[in-house]
Amino acid sequence: MMMMMMMSEVNEHRIKSNGIWMNIAEQGTGPMVLLLHGFPEFWFAWRHQIPVLAKHGYHVVAPDLRGFGDSDSPISPSSYTVHHIVGDLIGLLDHFGQEQVFVVGSDWGAIAAWYLSLFRPDRVKGVVCLSAPFARRSPSISTLQSYKQMFGDDFYIAQFQKSGRAEQAFARYDYLTVMKKFLLINKTNMLIAPPGMEIIDYLETPSYLPPWISEDELQVFADKFQESGFTGGLNYYRAIDINWELLSPWQESKITVPAKFIIGEYDIGFEVGGIKEYVSGNMFKKIVPNVEVVIVEDGHHYIHQEKPQQVTMEILSFIKKFQ
């Protein structure tokens, strides 16, 4: 209840950016901090960070990315490339007259934050990314083919490719159950369904809630996706090979802005998928030379919700260095 009261201080409205209407939540005044959510979330995923960052003297802006929440949701997957998403964010910065901002992203929001930093480093003071590290583009094999080669056709991203398939599978459950299956995920191995099974059926529905989220908060997510549907969010996955084609001019490019990468030790694929070796080794630091890596003990995928105080303090300690 206290969280809902704090959220009432958030100013939520829509702005026009890059040809679409974007819904944004904002609070506070001062240097801008842009918070970018992932799948399946919307701006409310940052409910713990927004009031604290605002209280520390920042203008916090958390948009619903295109396809999510109350922002426009174009139908075609080809409208969900990283160029579209970064275009939306540049339009948002221009709307507020901001030359440079701090950017924080989780999951797909982290990917958006990395590419905003790559395409327009002049607009980014510093970037904090959660869960999804910046990855080198393979010059010879597309992203989807690479995933299929490594993890097979029942890897969740492969299953998400066909229009309508995941939506139909999700529809076998009520929206609250779908949210529980994703947001409370505690699998540490790569998300690969057994043959003949849809990933949503493979994901468990926990019998009790962890202490970091309430039924009411999960219902907020469920209600929002009941309004918007899942196609917009799934289109991010359906555009990954279009991204691979479009990103060839940036082959071997580096993220040069100051960066912090935060990941939970029990995030999906961290131990078994090679992410730990990648972010702790030289390859990640080669393409993101100014990065600090933080591994959150006992953290899973949605660490900004699961470990809000620790993640918020990591964000604050980083952005205060570069003000």
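- Lys286 NZ: 12 or fewer foreign heavy atoms inside a 6.0 Å radius.
- Using a 4.0 Å cut-off between charged side-chain N and carboxylate O, Arg172 and Glu198 make no salt bridge.
- The 12-atom threshold is not exceeded at CD of Gln168, counting heavy atoms of other residues, nucleotides or ligands nearer than 6.0 Å.
- Aromatic ring pairs are classed by plane angle as parallel below 30°, tilted from 30° to 60° and perpendicular above 60°; the pair Phe170 and Phe39 is tilted.
- Trp114 and Phe134 have tilted rings, their planes meeting at an angle from 30° to 60° on a 0 to 90° scale.
- Here Glu217 pairs with Arg47 in a salt bridge; the nearest charged N to carboxylate O distance falls below 4.0 Å.
- At most 12 non-hydrogen atoms from other residues, nucleotides or ligands lie less than 6.0 angstrom from NZ of Lys276.
- Salt bridge Glu314/Lys260: present, at least one basic N to carboxylate O contact under 4.0 Å.
- Taking the six-membered ring where tryptophan is involved, the planes of Tyr236 and Phe68 are tilted, since the angle between them lies from 30° to 60°.
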Report task. Mind running side chain to side chain donor-acceptor pair (under 3.5 Å) on Gln27 and Asn11 for me, showing each step along the way? Result -> CA-CA 6 Å; Gln27 189 176 344; Asn11 173 24; over 6 Å; no
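- Under a 3.5 Å cut-off, the side chain of Asn235 and the backbone N or O of Arg238 do not form any donor-acceptor pair.
- Between His304 and Trp46, the ring planes are tilted. Angles from 30° to 60° get that label.
- Ion pairing between a basic and an acidic side chain is recognised when a charged N comes within 4.0 Å of a carboxylate O; Lys285 and Glu292 show no such pairing.
- Remark: the Asp201 side chain and the Tyr173 side chain contain an N/O donor-acceptor pair separated by less than 3.5 Å.
- In this structure, Tyr156 and Tyr237 have perpendicular ring planes: the angle between them is above 60°, well past the 30° mark.
- Cation-pi contact between Arg137 and Trp244: present, with separation from the ring centre below 6.0 Å and deviation from the ring axis of at most 45°.
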Under 3.5 Å, which donor-acceptor pairs link side chains of residues 222-230 to any protein atom two or more places apart or in another chain?
residue: Asp223; atom: OD1; partner: Gln219; partner atom: NE2; Å: 2.9
residue: Lys224; atom: NZ; partner: Asp70; partner atom: OD1; Å: 3.4
residue: Lys224; atom: NZ; partner: Asp70; partner atom: OD2; Å: 2.8
residue: Ser228; atom: OG; partner: Lys224; partner atom: O; Å: 3.3

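- Heavy atoms of other residues, nucleotides or ligands lying less than 6.0 angstrom from CG of Asp298 number more than 12.
- A donor-acceptor pair under 3.5 Å links the side-chain atoms of Gln159 to the main chain of Ile199, judged by distance alone.
- Neither side chain, Gln100 nor Asp122, offers a donor N or O lying under 3.5 Å from an acceptor on the other.
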